[in-house]
There are 2 protein chains.
Amino acid sequence: MRAPSPEAAALAAARLSDLATPPGALGRLGDLGVWLSACQGEVPPRELDRVRLVIFAGDHGVARHGVSAYPPAITAAMVRTFVAGRAGVNALAAAHGVAVRVLDLGVDDDLAGVPDDVRRFKVRRSSGAIHLEDALTAEQTLAALDAGAAVAREEIAAGAQLLLSGDMGIGNTTPAAALVAAGLGLPASEVTGRGTGVDVPTLEHKQTLIDQALHRAGARVDDPVEALTALGSADLAASTGYLLEAARQGVPALLDGLMAVACALTADRLEPGAAAWYAAGHRSTEPAQSLALAKFGLEPALDLGLRLGEGSGAVAAVPVLRSAVALLREVALLSELDA
Amino acid sequence: MRAPSPEAAALAAARLSDLATPPGALGRLGDLGVWLSACQGEVPPRELDRVRLVIFAGDHGVARHGVSAYPPAITAAMVRTFVAGRAGVNALAAAHGVAVRVLDLGVDDDLAGVPDDVRRFKVRRSSGAIHLEDALTAEQTLAALDAGAAVAREEIAAGAQLLLSGDMGIGNTTPAAALVAAGLGLPASEVTGRGTGVDVPTLEHKQTLIDQALHRAGARVDDPVEALTALGSADLAASTGYLLEAARQGVPALLDGLMAVACALTADRLEPGAAAWYAAGHRSTEPAQSLALAKFGLEPALDLGLRLGEGSGAVAAVPVLRSAVALLREVALLSELDA
């Protein structure tokens, strides 16, 4: 895995310290600007005009076992809402000039009437209930990883300068937390969160099922592809393939909440160093997200208590990256003021 | 002081809970959207197309007594940089569609060659060294308060839907921290911070001077106008008048760092309830800012370690308010999806 350009990073850091601002006064906007320069190999960084979000949708067998406050049928309804442009992430994307694409990887519905493009990469209907069985077959995992990679290449070919991944799938914080547990070697008790807002008994039940899933999978989770097969889902495997391909192609990605970060962690396990191409958009209320971000030393740009999913936290954070770019591009250099 | 509309707030909160999103999933973006609706008296809130920043510049006598890492001459140089559009805040404002206006209230320089409009409200050259003498005469304080109010009315007449205040003046965290100490009844030890980045001995010296200023002013600081006269400056008094007039006119304001928050606190002392019209843009590294925000129960939208001043943290936070507006305006209602 190629790293973001150390030469560009050094030049960008030098430019940052040559700006007519007190040392360190740009805080994390300075750091983000340097990172973008390194990813782009350009100093100052290019403006982020073409930012693209892909939402990977899929159902999860475990959602039928009491881990969510919502019924699985909501997944298909929300895919229709994305297509209609009426979901939360659509509103944010329109406000901030981000293109949105939604793909059904494993929704437990035929989605009749939804444009064919949405179902182009469909791997299966729902994924297995991970505490009882594998989420996917080995072939399905590879198909989903490949689908995500193909989507990333399409987006990059369409000009994407920054890629975002979103998620939709009732119950998805359960497999995502399990993937973080597998990736970091943590027990269920440390990674389980409240998702869209379950009560304490449901939280405890969810933790039990994650624990069961981890025990069922055993040492297989030491292999990241096996972890996706045993604990993941079609949408999470595709999102992993998408983020991994972004890194391979040298295009930076801005991560959303738990699902994106669980997939980023898995991508970095597949090809160590991938995470150097990722920044963190939003602090999730899910403990597993913070644990995985801490491994990469990533601090989210925003912490607004969002728990909407859909990629919404990453979309809301896009203007923070644009602020970082604007500062490195437009602020006068000390040498210009002296002249 | 009129409060933001409780009727609009109630309707906006009802709309928020009718959105096709899980309860509470929009986090603080939901709260900010409700607040904007209440300020505007409209549900959903109007889009924030016309956002305007006014930077109040002025020098501070105390800056010649070893409280800053920079020489006072930087103030005038930075005013020229704002006019040239090359400062940090100009870059951020251009990126986020915010209009910028800079006004010299008390710069210790004639600013020859700078457009006359910039000096239209000039009260004096520099302000008194607050540990030794009053910052202003009583007449100058009133003139500066009136100037700020007049500027707010001009901006509102020009269509401003959201007002931001910025600051420029070497040494200005010293009077601003003193105003917070006066407003909250705190000692110098709790309000003194590192400004643009002073070392520990300078920090201790700064605290001593703030303590001296508070003792010199004594019980006069119980009156907020007297506090501005004794401890403030022309730019801080004008910024206070500007924020107060925004509240009087029912136009919301988004606060930046310590200077804006010190002025907001003083405005709220002048007319209790003014702070209901303010939101917090950015968490400053200055302790006094967090103390004053806590009094109003305000949580900043961003916390990026910026310590640039200029209003930059507020400008960077404008997209967060736009996210809040977009969600309340554009997301489908549950009733629409059921239909």
Side-chain angles (χ1 to χ4, degrees), chain A residues 19-32 47 69-70 77-78 80-81 84-96 195-197 285 301-310 312-313 315-320 322-333 336-337, chain B residues 19-32 47 69-70 77-78 80-81 84-96 195-197 285 301-310 312-313 315-320 322-333 336-337:
Chain A
L19 296 180
T21 57
L26 304 189
R28 284 170 44 218
L29 294 180
D31 302 336
L32 287 167
E47 288 181 0
Y70 290 86
M78 284 306 302
R80 293 179 189 280
T81 308
R86 299 296 309 280
V89 76
N90 299 106
L92 294 170
H96 302 305
T196 44
T285 50
L302 297 179
D303 184 359
L304 295 167
L306 287 173
R307 45 187 178 76
L308 181 63
E310 310 180 354
S312 54
V315 173
V318 167
V320 176
R322 290 192 176 130
S323 287
V325 170
L327 288 166
L328 261 189
R329 284 180 70 87
E330 308 296 343
V331 173
L333 302 177
E336 294 173 318
L337 293 191
Chain B
L19 296 180
T21 58
L26 304 190
R28 285 170 43 220
L29 293 181
D31 303 335
L32 286 168
E47 289 181 0
Y70 290 87
M78 285 306 302
R80 293 178 189 280
T81 308
R86 299 296 309 281
V89 76
N90 299 107
L92 295 170
H96 302 305
T196 43
T285 49
L302 298 178
D303 184 359
L304 296 167
L306 286 174
R307 45 188 178 76
L308 182 62
E310 310 180 356
S312 54
V315 173
V318 166
V320 176
R322 290 192 176 129
S323 287
V325 169
L327 288 166
L328 261 188
R329 285 181 68 88
E330 308 296 343
V331 174
L333 301 177
E336 293 173 317
L337 294 190

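Labels below follow one simple rule: chain letters A, B, ... track the order of the sequence lines, proteins then strands, and each chain is numbered from 1.
Each of P22(A), G305(A), A326(A), A301(A) has some count of heavy-atom pairs under 4.5 Å with chain B, and the biggest count is that of P22(A). Ranked by heavy-atom pairs under 4.5 Å with chain B, the first of A84(A), G88(A), G85(A), S312(A) is G88(A). Between chain A and the options R322(B), R307(B), M78(B), the largest number of non-hydrogen pairs under 4.5 Å is found for R307(B). Across A20(B), A317(B), G27(B), the residue that shares the most heavy-atom pairs under 4.5 angstrom with chain A is G27(B).
By the 4.5 Å heavy-atom criterion applied to side chains, L304(A) and V320(B) are counted as neighbours.
For the atom pair L308(B) CG and L92(B) CG, the distance stands at 7.5 Å (nearest 0.5 Å).
Screening residues 20-32 of chain B for salt bridge (Lys or Arg N to Asp or Glu O under 4.0 Å) gives no qualifying pairs among residues at least two apart or on separate chains. Applying the side chain to side chain donor-acceptor pair (under 3.5 Å) test to pairs two or more places apart or on separate chains, those with a residue in residues 84-96 of chain A are R86(A)-E336(B), H96(A)-S323(B).
The heavy-atom pair separating L306(B) from G313(B) by the smallest distance is CD1-CA, 3.9 Å.
Contacts of L302(A) with chain B are made by side-chain atoms alone, with heavy-atom separations under 4.5 Å and no backbone atom involved.
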